[in-house]
Amino acid sequence: MPLPHGGFDGFPDDSRAEVFVREFLTAVAPANRKNLATKPPLFILRVPGDAAQWEPAAHRVLEALRRSIDDSGRLVPYAHLTAGPDTELLSERAGTCLQVPPHMVPDRFPHFQVVRDLVTYLREHPARWPGARARELREHVCDRQQAERRGLLGRLPASEPPADTIRGWLLRVGWLSFTRGLPRRLWSWWTSGKVMRAWLADLPVAAGGRTLFAVLDQVAAVQAVRLRANPHHDEALRELEELLVRALLEDLRTPPVGGVLPRRRRRTARPVLLVELPPTGAQGARGAERFLRALHRMRDTVAQPGPLVIAVGQPSPGLLAELGGPPESNFTQAGLQLGQKDGPPVLVTFGEAALAGPGLPVGPVAPRTFQLSWRTTTSIVSALAALALLGAGLTVARTLPDPADRSCVGGSRSVAESARPTPVRMTPKAWYDAARKAIDAENERAERFAGQGRTVRTVVAFGSSRPRDETDALFDGTIPELRGIALWQRRLNDEAVSDDSLVPLRVEVRTTGEKFQDADQAARQLVEETRDEDVAGRKDHKKDYKKVVGVLGYAQSRDTTKAALRTLGAAGIPAVGTTATADEMLEGPASLNYWPSTPSNSTEARIEADFAGRENIVAAGGGNQNICSPAKRALVIESSADLYSKSLADKFRAEFPGPTSVFNFDQDGDFRFAPAGSTSVHSAVELANQLCRALRTDPDSVVYWSARARDFTAFINAMDLRGTCVDHDITILGGNDLTNVAMTGELSDKSWLRLYYSAHRMPLTDPRASARTRQFAKEYDHFVQTTTQGDDPWRQDGHSAVSYDAVHMLSQAVDQARLRDPDVKRESVLVALGAGVTFDGATGYVSYDQGSNAPPRDKTLVLLRQVAQQPEAVGACGAYRPDTSSRTTGAPCAR
């Protein structure tokens, strides 16, 4: 075979194409199979040239990718879709050609094969419509499935005997009714219900149809008439293509990875569709574009990841418009999006010079393979499981907790017992200035490194405003967060003295106003500054250390910080979060550049809901205060206009096993997005009265607090002064925002309050605290003692540890980027972050999956019980150490 396009082979060596090639191999067969759960976008690689030039160029690119997944035999499930007749439905060829290597999944296509048989019959017999043909369609599919010996139908008698004898009549009416007719009816009923429930009933084309065959009969009643008059009818072919594509996507879903079920472990690679895309007017162009349009539309209706689709050729302006007008990307951006969550289509254009020169080799993918079929392995595992269950049954009886045990989790003490008489005296302005001064000192050290010829770069830390008084400091984690940044900077500079591979970092602290109100404006200003810094760097290389390689901070999930992350994401600036936990922060362009440092609200809410509904935390009535029970009801306090609060509250309500009541509390009276049936309250006194009435009605309730710490303090004070139910202990379970105030001693006189809340660092008083956590705490104590005066209220707080680990993560990515890119561009830092970062941190084990912007895998979340100034850990979920995980920790972590 002659070499394509100028005699050169391999993937065209365009600018940063090696990033795309590397990420392509990782996306198809990732080392961590959990990364197969991402849904990569549609990729269109455009080749230049006229009608005579495009085909060899497209062939070269497609062949380079195909050979990496077919090395003398299929390495992964794939289909190479070359141009064919315009009336061909490419989805039909895709499903037929997606052959799977031995012992891998998917090894069956039940949705696609059934719909394909129905669509084929419709196209081959358009003259049978109009008319009711649902039964005819059902019989045809049963015959096709039986002829190809699929499943149960393949084991049934193939034909009926003639009924011209008494024996034949008895066989047909009696025996075969049960051995052939009834199984076929049951199969068609089961198949129809499965397809309808899974996806077809949700599509507009179903139009109220009650069975699969009735829906396809409705489709045929219209489309068969069109195809009979014109086999090229665009609308008819489009609707049939969409049905086939949607059925195929359902079959290409990714089974959950892990566990003991052998078939769940057989998806080790992502299915791939390589599509040749001819220019407008060329044969096959209409068919290829129709397939891509259908794929784009149907992907929005399916939750499963589906295949990786790469189209190579010359898309028409009409196709690009229907795909949403994707902007031009380079290969670095395209490579990053190979491993990201679902996003808009990606368009990349090859340069003429790249197509005219030698190409990059694309090595073969290396997914895990299997020697035995999953059925054989299932039989072996089933036998072993039976033996294991027998042994487990004997053990469970000995390990089940005593059902009579009603002792309270974390003890019966309130926050007031053994408390200091007065709260910690704070000097927030001095403490803030001391932390900033420490960062400035480390910046000067970094600049001295730059003066010695070392590579130094800058990161920007976005925080809220400098606290004005003690009240500001109570409700904001800015001070401990800045301390954590300064501590990592100091350690990095100390180690950089002897380790030339490290890149010292300057940290520019920028404030964004109260409650991060100016966060988006500050992000836009940073984007403008970075656009010209490369030009400025060429004029004066001594100022290279001022080049910004990333962003830190955004300690709160708010609409303003979410908008700021979208702005930074659109500009390709890497961002590492600290304690912002809302899942919604990763939406939009932020999914390309933002890495959270803490577990998301969905994880936190699940753990807290299990904790509240299954553990003894609600004090029982009577004199014995050490008798508790799980919460039977949750009284949820949220601020619906606050992104963090609404996100956490909604997810907790969805996970809590019992009924919930919602109180929408906002002292500013902003009740936007209030959930249906909620009670809106703007006064802390009124909230205390409402809650007391609810607690008298349902005394076995837990108060779940998702609103901010400032509102929490107002409510607690109102409850203490005017509450009519504080004669009985009240249990409050809150999110991580309460750590801002819980440890300051402000609650030390509330003898009726039993407070549980989440945090991101293990207390030092807990024997499970790791050596790394203890080392960080020692550094933190020394820092506070040498830079400030007075007691520190945040010694056990997690804000400083989280920011310490966040800078560590970004620093490690910068070090890795420099190994491949001496200029340490932001694009290189994004690639390094996307490749995964792992280390043992102050908050526990930190491990980011390759190609994922999700929080660190199984990141530690600690549940604390507050007693005076001393928090006690009552639960620790996640991989706090590399050898632990939530799956082995037990309730409330493992689910």
Side-chain angles (χ1 to χ4, degrees), residues 1-5 8-12 20-21 24-25 27-29 40-47 54-102 104 106-107 109 112 116 241 244-245 248-249 251-252 269-279 282-296 306-315 319 334 338 345-346 348 350 355 359-367:
M1 178 184 294
L3 294 176
H5 203 275
F8 291 112
D9 201 358
F11 194 88
F20 182 84
V21 168
F24 169 78
L25 299 176
V28 174
L42 168 65
F43 289 85
I44 299 179
L45 308 185
R46 180 161 54 188
V47 297
W54 79 269
E55 188 170 8
H59 177 68
R60 172 184 174 178
V61 177
L62 289 168
E63 274 299 297
L65 298 176
R66 189 194 66 81
R67 284 197 296 267
S68 71
I69 56 179
D70 191 335
D71 187 14
S72 301
R74 291 174 181 265
L75 301 175
V76 303
Y78 83 90
H80 182 193
L81 305 178
T82 56
D86 285 328
T87 56
E88 180 186 18
L89 301 178
L90 277 190
S91 53
E92 182 174 355
R93 179 144 52 103
T96 304
C97 295
L98 266 174
Q99 300 172 14
V100 181
M104 289 179 67
D107 56 359
F109 293 84
F112 170 76
R116 182 200 62 187
E241 187 91 76
L244 284 170
V245 166
L248 181 61
L249 291 176
D251 288 330
L252 293 180
R270 192 187 307 276
V272 180
L273 299 180
L274 302 176
V275 185
E276 184 180 72
L277 184 56
Q283 179 174 330
R286 292 172 61 187
E289 294 199 352
R290 181 172 59 243
F291 171 68
L292 295 177
R293 289 187 179 99
L295 186 74
H296 177 65
L308 170 61
V309 183
I310 298 179
V312 184
Q314 295 186 338
L319 173 64
L338 274 165
V346 178
V348 189
F350 285 100
L355 290 167
L360 301 172
V362 186
V365 297

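One-based numbering along the sequence shown.
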Using a 4.5 Å cut-off on heavy atoms from C-beta on, say whether the side chain of Arg67 contacts that of Asp9.
-> yes

Test Val272 against Ile310 for side-chain contact (heavy atoms from CB on, under 4.5 Å), laying out the working first.
-> CA-CA 8 Å; Val272 180; Ile310 298 179; 5.6 Å; no

Give the intermediate values and the outcome of side-chain contact (heavy atoms from CB on, under 4.5 Å) for residues Leu319 and Arg293.
-> CA-CA 7 Å; Leu319 173 64; Arg293 289 187 179 99; 3.7 Å; yes

Beyond-backbone contact of Thr96 with Arg116, side-chain heavy atoms, under 4.5 angstrom = yes

Run through Arg290, Arg286, Arg93 and flag the one making a salt bridge (Lys or Arg N to Asp or Glu O under 4.0 Å) with Glu88.
-> Arg93

Decide yes or no on side-chain contact (heavy atoms from CB on, under 4.5 Å) for Ile69 and Leu274, but give the supporting numbers first.
-> CA-CA 11 Å; Ile69 56 179; Leu274 302 176; 4.3 Å; yes

Would you say the side chain of Arg46 lies within less than 4.5 Å of the side chain of Pro315, judging by non-hydrogen atoms?
-> yes

Between Leu308 and Leu338, does a side-chain contact (heavy atoms from CB on, under 4.5 Å) hold up when you go through it step by step?
-> CA-CA 9 Å; Leu308 170 61; Leu338 274 165; 3.8 Å; yes

Could you label the plane-to-plane angle of the Phe20 and Phe11 rings as parallel, tilted or perpendicular, counting under 30° as parallel and over 60° as perpendicular?
-> parallel

Does a donor on one side chain sit under 3.5 Å from an acceptor on the other, for Thr82 and Glu276?
-> no

Measure the shortest side-chain to side-chain distance between Leu249 and Pro307 over non-hydrogen atoms and say whether it is less than 4.5 angstrom.
-> yes

With a 4.5 Å heavy-atom cut-off, do Leu98 and Leu273 have their side chains touching?
-> yes

